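Step one of this worksheet: look at the structure below.
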Amino acid sequence: MERKTYTALGFLLLGTFLYFNWISSGSDGRFRIRIPIPWLQPKMGFVGRNGTHFVEVEDGTPVYVNGWNSYWLISSKLEEVSEMFRRGRAMGMTVCRTWAFSDGGANGLQISPGRFNERLFQALDFVIYDARRSNIRLILCLVNNLNAFGGKAQYVRWAQAAGANVTSTDSFFSDPTIKHFYKDYVEKILSRKNSYSGVRYKDEPAIFAWELMNEPRCALNSSAPLLQAWIAEMASHIKSLDKKHMVTVGLEGFYGHGRTERVGANPGEWASSLGSDFIQNSADENIDFASVHAYPDSWIPKASFEEKVKYLSNWVDYHVNDSEHVLKKPVLFGEVGFHLEGKKNGSYDRDIILKLVYDKLYESAKKGEAGAGALIWQLMIEETQVYKDEFSLVASRHPSTYNLILQQSCRLRKLFRRKGKTKSNFWPCTDP
Ligand SMILES: *[C@@H]1O[C@H](CO)[C@@H](O)[C@H](O)[C@H]1NC(C)=O
Ligand SMILES: *[C@@H]1O[C@H](CO)[C@@H](O)[C@H](O)[C@H]1NC(C)=O
Ligand SMILES: *[C@@H]1O[C@H](CO)[C@@H](O)[C@H](O)[C@H]1NC(C)=O
Ligand SMILES: *[C@@H]1O[C@H](CO)[C@@H](O)[C@H](O)[C@H]1NC(C)=O
Ligand SMILES: *[C@@H]1O[C@H](CO)[C@@H](O)[C@H](O)[C@H]1NC(C)=O
């Protein structure tokens, strides 16, 4: 045969291969090319930690985070995911925290223990794949303490159905059947080969960290040792399977009983009776960084705005100081939220709250200290309003908040900008 014929045949074969392997239609009916070949993915390094701060593993450059939460990504359409990443990136943000779980029911990611919904798994594949293309890293949370999307209560029901004698939701942290379910789930997630990129989750640099649980709490104060043992066992389990990624707990950050000199920083007496303790829980050797949330408005609803601000200021100081001097690990404010509903000048107040946290973390970054960043709870786009809550916002509709977020990204970035590094697409900061 002639050369031309070979070439034509080659193209035909390639076309057929592409058609069957790499092109798929999404839920929106649009065609997307999937090239599940790891080395064809955009170049990206891992983030790890060095002492009290995060670093680019490749060259040790410090990393301080400005980011956001959009818990709903796997439940929404592909183009909505891309749009959210595009907007996050346009505000200079680098990390997004989202749910890598949805437990129970035919529409859950995990339908029942060990049974997965492939359609939803592919949605998670896309979130991770698209994050990398958008130069965003993800904090992936593995289970909920609350009932939304199944949570620990779903695990308890599964265990009951399997014949385990479990009654309290606290048994989530100790029952062998439930621990087994959770470990299996983790294994399945870590070993998943992404259908869009061909990269296993445990090898994916676009994953910033694994989070054990969203806001672990116990029903009984006396379950505290169970929670502590669970954290140690599960963090060690993840590390045994995945040495590349960081692990955090997902705590709200309350100080437990026995921290007499610190309980004053808690939002109320109730906070020390939930079985968690910021210092002990975060101290485990397999926990790479501490996690804290901040909801002054929900935690002390009756206080005046000035009192809330004062409370928050103290809350941030305590956690940064404890992370710097006691834990000697970075601390990430994984959720910072402020209620807007029913408030006359809510946006203005929210900006004060957000700015306070941002300013303190910027000061920490300037000194190379443990206050490693904050993630606002939570950002939306117009099309995903079904997932809104009283804290959510479409940032572009709140220009002052939008600018605050952007400024924080840009000033953090300026501190550690490296010479000669090419700037990625969508980079919004103007460099001097
Ligand atoms: C960690 O940071 C210290 C001090 O900033 C530096 O001397 C050391 O080389 C860093 N280690 C790594 C592995 O980057
Ligand atoms: C189930 O556990 C409870 C408390 O742990 C115990 O009192 C009860 O006897 C157990 N029931 C069975 C059937 O084992
Ligand atoms: C919680 O448990 C601790 C000991 O683990 C105890 O000292 C404290 O009194 C308990 N608090 C409540 C409210 O039960
Ligand atoms: C910071 O923590 C250290 C160690 O616990 C403590 O000695 C120091 O007083 C704390 N500083 C502030 C300002 O709270
Ligand atoms: C909100 O409050 C601030 C400070 O009191 C004031 O300057 C601003 O004009 C108020 N904004 C609105 C929309 O009421």
Side-chain angles (χ1 to χ4, degrees), residues 45-65 152-153 155-179 205 208-209 218-227 229-230 243-246 253-266 272 275 277-283 285 288-290 292 294 310-331 333 356-357 359-361 363-372 412 415-418 421:
F46 283 86
V47 170
R49 94 169 156 107
N50 179 2
T52 58
H53 54 259
F54 297 129
V55 289
E56 304 264 7
V57 170
E58 183 183 44
D59 60 6
T61 315
V63 173
Y64 282 80
V65 171
K152 68 182 178 189
Y155 275 83
V156 168
R157 288 195 298 275
W158 281 334
Q160 284 166 341
N165 180 17
V166 291
T167 43
S168 151
T169 50
D170 284 359
S171 50
F172 176 87
F173 301 114
S174 60
D175 178 72
T177 308
I178 298 179
K179 288 200 289 185
F208 185 91
C218 301
L220 297 172
N221 167 42
S222 57
S223 299
L226 303 182
L227 174 59
W230 182 84
K243 300 214 166 29
K244 293 180 179 160
H245 288 114
M246 297 188 285
F254 303 129
Y255 292 99
H257 280 283
R259 305 274 172 210
T260 21
E261 68 296 354
R262 289 184 182 81
V263 288
N266 274 350
S272 54
D277 175 54
F278 173 71
I279 293 180
Q280 195 193 13
N281 297 160
S282 311
E285 58 175 349
D288 296 282
F289 63 93
V292 187
K310 195 159 162 251
Y311 161 79
L312 178 65
S313 171
N314 203 33
W315 179 250
V316 176
D317 288 347
Y318 267 82
H319 287 84
V320 172
N321 188 50
D322 280 336
S323 301
E324 178 71 26
H325 297 290
V326 183
L327 295 168
K328 303 188 192 328
K329 298 177 182 184
V331 58
F333 287 75
L356 189 159
V357 176
D359 283 350
K360 285 186 185 288
L361 295 174
E363 289 308 312
S364 166
K366 278 207 290 197
K367 291 184 247 161
E369 287 184 347
L412 283 177
L415 286 179
F416 305 106
R417 206 181 57 245
R418 282 155 292 172
K421 273 249 166 178

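Note that ligands are numbered from 1 as they come in the structure, with each ligand's atoms numbered from 1 the same way. What you see is a predicted model, and the numbers here were worked out from it, not measured in a lab.
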#### Entry: Distance (rounded to the nearest 0.5 Å) between R49 CZ and F289 CZ
10.5 Å

### Message
Under the rule for side chain to side chain contact (heavy atoms under 4.5 Å, CB included), what residues qualify as partners of S168, not counting sequence neighbours?
### Response
D170

#### Entry: With T52 via side chain to side chain donor-acceptor pair (under 3.5 Å) - residues at least two apart
none

### Message
For the 3.5 Å polar cut-off, considering only N or O atoms, please tell me whether N50 and ligand 1 meet it.
### Response
yes

### Query
What are the two closest non-hydrogen atoms of D322 and R262, and how far apart are they?
OD2-NE, 2.8 Å

Pairwise, report which nitrogen or oxygen atoms of ligand 4 are under 3.5 angstrom from protein nitrogen or oxygen atoms, and how far apart they are.
unit_1: ligand 4; atom_1: 2 (O); unit_2: N321; atom_2: ND2; d: 2.4
unit_1: ligand 4; atom_1: 5 (O); unit_2: R262; atom_2: NH2; d: 3.4
unit_1: ligand 4; atom_1: 11 (N); unit_2: N321; atom_2: ND2; d: 2.9
unit_1: ligand 4; atom_1: 14 (O); unit_2: N321; atom_2: ND2; d: 3.3

### Task
Output all residues satisfying side chain to side chain contact (heavy atoms under 4.5 Å, CB included) with A290, sequence neighbours left out; order by chain, then residue number.
F278, S282, S323, L327, V331

### Summary
In short, C218 meets F173 closest at the heavy-atom pair SG-CE1, 4.0 Å

